[in-house]
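First the structure, in the form of structure tokens, and then the observations on it.
Order of the sequence lines sets the chain letters (A, B, ...), proteins ahead of strands, with each chain counted from 1.
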Amino acid sequence: MTIDNRYNIQSTEVKWQKLWAEHKVFSVPNTPRSDKTYYVLEMFPYPSGNMHVGHVRNYTIGDVITRFKRNQGFEVLHPMGWDSAGLPAENAALDNGYHPREWTYKNIDTMRAQFKRLGLSFDWDREFATSDVDYQKQQQRIFLSFYDKGIAYQKESMVNWDPVDHCVLANEEVEDGRGWRSGALVEQKHLKQWFLKITDYADDLLDGLDTIEDWPEQVKIMQRHWIGKSKGLRMSFPLNEPTGGFDKIDIFTTRPDTIFGASFIGLSSQHPLTQCLAKDNDKLCAFISDECERGGTSEVAIETAEKQGFDTGLTVPHPFEDRDLPVYVANFILMGYGTGAIFGVPAHDQRDLDFARKYDLDVTPVVVPNGTDGDFVIEDEAYTGDGILANSDFLNGLNITAAKAEIIKRIEAMERGEAKTQYRLRDWGVSRQRYWGCPIPIIHCDDCGAVPVPDDQLPVTLPDDVEFEKPGNPLERHPTWKNVKCPQCGQKAIRETDTLATFFDSSWYFARFCDPKNDDTPFDKEMTNRWLPVDQYVGGIEHAVLHLLYARFFSRALKDCGYMDIEEPFKRLFTLGMITHQSYRDAQGNWLFPEQVVKEDNDQWIHVETKDPVKVSGVIKMSKSKKNVVNPTEIFESYGADAARLFVMSDSPPEKELEWSAAGIDGAWRFVNRIHRQVTESLEQLPDKEASVSDDISDGAKDLRHLVHKTLKYYTGAIERFHFNSAIARLRELSNAIGGFQPQTEGDYTALREALEIMVRIANPFMPHVTEELWQALGHEKYLADMHWPKYDQDLAKDDEITIAVQINGKLRSKITLAADADKAVTEQAALNDDRIKTLLSDKDIKRVIVVPGKIVNVVAQ
RNA sequence: GCCUGUGUGGCGGAAUUGGUAGACGCGUUGGAUUCAAAAUCCAAUGUCCUUUGGACGUGGGGGUUCGACUCCCUCCACAGGCACCA
């Protein structure tokens, strides 16, 4: 395709980018100059090496908001940095011998240039990378404050182990039983790890969700569910035959009301009592390894796994009835939730029912639907609905809520247990057995235990002389870095070789941006008070329970450590949709890049080189593995940044997915050129920029002025509502009207100038380069970026005449044109006097006439 | 299974929140310009009916209303999230 450059896109765009940078147009001081501040932030990128189209969309949205808010008189903080620690750097080191640092900073340089080429309004003076030593130093301070406060602690526990990345994963990083990056099946390992006490904040994180109104409901629901608060009863059952030091079993239940229906006790395979029993019971050992630990945690594995049990022979007495319950080890009980033990009520829990049928245990319904008379029978389906208690002694006749309260009261009185709130959320493991991260500033001493590195010895920096030939953590193999003296007793000690998870890095970067050069403390509290919370946060939905939950937790923890006063870091959150693209495969099923295929005249797709037929495989999320990717930097070169920006903003609402298409970018490019042409072609005839629009203008010019102000009104509102695609549609309408306008008089030319100027000004947030160029061509000196947003004229925006629809029985039958301020009576008369309406009503009786002035008339007739 | 969304022409989508469905763009067709092409400009473009005109039409079915893409019930499809959480 040949491209006809109406104006030199490359040189013009780069020129303005340089000017903005030289004059620091988008820089703001740490302490804002005015009270009218606004903080716009997009989730910062991982420097993978190349910008992708998703970045274009994410950062253009933030950029449009920034430029719009600046025009509205806000002092806008819009910083940019790099989430630059993490595994890919190490994998690259393994693959091609780069040092992770070299690889990372080279990528940052490349991507910084790409981001600048997009014309984004960042305050580049604030840029930092989380792998910077300065950043890690402050982060180590934060970690030690957390340690001091007991928010960071060590414990031995079963952890998710990714066998491919040789690294521990947080629960939030395990998807469908697989590592979120490597895709490898996650194993369970017993390791000593650093954890953050996010569970202490569970209630607060839950309650806080109600205070952040401008978040997508979907994200809040996902976080609520992840925290997973449920109220119930924790109680103990004494063993009839105490064994191995165990004399009772603790269980947790959310259905204490069903206790009379209990027919067994279930233990997790990892429960301490199970482990104890297994020591001298080979059959139990075999059961644990064959039936409990073998099955995967994937969706399919769970759904097909049969309920299996192992009778331990132990029994416990029922607390209220004269009978014993057998104790089973069961493969469906998780150690990680509650106490790892339950009482099974087959009638009211499907899993328990499946289990009971298999091992022939009692199934006694104790909650029956309202109105059932005694003969309620459970077949293959457990009853989990509402109802009245039955077969339950003193609970009979109560509803579920009352029965729960009664049991809890009695168990507490018997000192056998207590009401307990249980969370699904577990503490956040932040240790990673990898090199390219922030070192944990702790030294392990045999005598003193875990000793913090003293503040004057911070930062703990990574050694450069490491080797990556072997998998695993090179810090652990490093001869000198690891062996140090204990800061307390001076004896031989060992440095902590784990580094912090990268989600730790991204949990406070938004605060560091307020005060990025501070060496004494992570950030100045006053400065964060002025800028935080972030007024508008923009990013992908995939972080709904990872980054967005951690950052909310960090704000609270940082507040408790005295670093800042803000609890909720992000006031408004906007989650954008992903980018999709057509995908292609050859006859063997191999994915092909878009540039490897071409469409023939007969609508058949073939391979460019081999000419073999190609299968079009549907529009799916852009990903390297499916090869349906587009390199945005090539787009900047051929179409320019303005066209790329316009396209990603105009084709879809920002929260929905966007299908990338060559035709779409082509259309955007044409519009950029069209605006350029419309202004430059009129320039010679336009009057001086100071001329005001006279009244001596044609009707056509009056219509144009009317449209200009009407557009302005709608357009501004649309941007505020994030309806960017609708705003751009109105912009195009205005451009179409200008294109069809033939100026006659001198006054018409001033009207044309006004229309062109407004069009250029309001197009600026989307197409900053071409509009700055045209604004200058129109004779202005000030940057459009620094202009105030134009205000519409109420009178000019108002319609004088409006067209009103006239319906008969709800069906459109005619249209009438009226003065815009026509009242009800006038409107009704005009509608009934309309010729068509009269004809259609001639043989009918009018029952009722509904008149909504300015909108519609509906005649109800028979 | 549970919890969220979404469903509108050939395609992406609009409808300022109950009041003229299909704005705007892409595509297609026709025309102008051109030696020709590209670019540009103009016009048409939901479906069906024999027309001046009419009928149908926002995933299906039902309801509320003078009036429903919009609100309610129900079913279907797709997408996302969670999931042996007691």
Query raised in the report: Within this structure, what is the CD-to-P distance between Gln742(A) and C41(B), rounded to whole angstrom?
Result: 13 Å
Query raised in the report: To the nearest Å, how far apart are Lys420(A) NZ and C85(B) P?
Result: 19 Å
Requested in this report: Mind jotting down which residue pairs meet the side chain to side chain donor-acceptor pair (under 3.5 Å) criterion with at least one end in residues 802-818 of chain A? Sequence neighbours excluded, please.
Outcome: Ser814(A)-Asp834(A)
Query raised in the report: Phosphate oxygens OP1/OP2 of C85(B): is one of them under 4.0 Å from a side-chain N or O of His225(A)?
Result: no
Query raised in the report: Taking RNA chain B as the partner, which of residues 706-714 of chain A come within under 4.0 angstrom of it by heavy atom?
Result: Tyr714(A)
**Report entry** Side-chain N or O of Ser726(A) closer than 4.0 Å to phosphate OP1/OP2 of A15(B)
**Finding:** yes
Query raised in the report: Would the Phe237(A) and His318(A) ring centres measure less than 6.0 Å apart?
Result: no
Query raised in the report: Taking the inter-plane angle between the rings of His348(A) and Tyr383(A) on a 0 to 90° scale, is it parallel (under 30°), tilted (30 to 60°) or perpendicular (over 60°)?
Result: perpendicular
Query - For G1(B), the Watson-Crick or wobble partner whose two distances fall under 3.5 Å - result: C82(B)
Requested in this report: Would you please confirm or rule out a distance under 4.0 Å between OP1 or OP2 of G13(B) and any side-chain N or O of Ser652(A)?
Outcome: yes
Query - Centroid separation Phe355(A) to Phe332(A) less than 6.0 Å - result: yes
Requested in this report: Indicate whether any N or O donor in one side chain lies under 3.5 Å from an N or O acceptor in the other, for Asp427(A) and Thr199(A).
Outcome: yes
Requested in this report: Give the rounded distance in Å between these two atoms: CG of Asp651(A) and P of C26(B).
Outcome: 10 Å
Query raised in the report: Is the distance from OP1 or OP2 of U65(B) to the nearest side-chain N or O of Asn858(A) less than 4.0 Å?
Result: no
Query raised in the report: What's the CD-C1' distance between Glu655(A) and G12(B), to the nearest Å?
Result: 14 Å
Query raised in the report: How many Å lie between CH2 on Trp669(A) and P on U40(B), as a whole number?
Result: 7 Å
Query raised in the report: Whole-Å distance between C85(B) C1' and Lys307(A) NZ?
Result: 13 Å
Report summary line: The answer to which of Leu658(A) and Thr253(A) contacts RNA chain B further toward the 5' end, by nearest nucleotide, is Leu658(A)
Query - Pairing partner of U65(B) (Watson-Crick or G-U wobble, both distances under 3.5 Å) - result: none
Query raised in the report: According to a strict under-4.0 Å criterion, is Arg255(A) in side-chain N/O contact with OP1 or OP2 of A86(B)?
Result: no
Query raised in the report: Between G25(B) and Asn725(A), is there an OP1 or OP2 to side-chain N/O distance shorter than 4.0 Å?
Result: no
Query raised in the report: Can you tell me if the side-chain N/O atoms of Arg424(A) get under 4.0 Å from OP1 or OP2 in C82(B)?
Result: no
Requested in this report: Sort out the partner of G27(B) for me: Watson-Crick or G-U wobble, both distances under 3.5 Å, none otherwise.
Outcome: U45(B)
**Report entry** Distance, rounded to the nearest Å, where Lys815(A) contributes NZ and A21(B) contributes C1'
**Finding:** 11 Å
Query raised in the report: Glycosidic conformation of G9(B), syn or anti, with 90° from 0 as the boundary?
Result: syn
**Report entry** Arg351(A) side-chain N/O to C85(B) phosphate OP1/OP2 under 4.0 Å
**Finding:** yes
Query raised in the report: Does U51(B) have a Watson-Crick or wobble partner in any strand here, with both distances under 3.5 angstrom, and which is it?
Result: none
Query raised in the report: Hey, does the side chain of Arg224(A) come within less than 4.0 Å of U4(B)'s phosphate (OP1/OP2), counting only N and O?
Result: no
Requested in this report: Decide yes or no for Glu733(A) and Thr711(A): does some side-chain heavy atom of the first lie under 4.5 Å from some side-chain heavy atom of the second?
Outcome: no
Report summary line: Paired to U6(B) by Watson-Crick or G-U wobble criteria (both distances under 3.5 Å) is A77(B)
Requested in this report: Tell me which residues in residues 802-814 of chain A put a heavy atom below 4.0 Å from RNA chain B, sorted by number, or none.
Outcome: Thr803(A), Ala805(A), Gln807(A), Lys811(A), Arg813(A)
Query raised in the report: Separation of Leu353(A) atom CG from G1(B) atom P, in whole Å?
Result: 18 Å
Query raised in the report: Quick one: does His706(A)'s side chain get under 4.5 Å of Asp799(A)'s, heavy atoms only?
Result: yes
Query - Residue-phosphate contact under 4.0 Å: Arg732(A) side-chain N/O, C26(B) OP1/OP2 - result: no
Query raised in the report: Should the pair Trp428(A) and Tyr550(A) be assigned to parallel (<30°), tilted (30 to 60°) or perpendicular (>60°) ring geometry?
Result: parallel
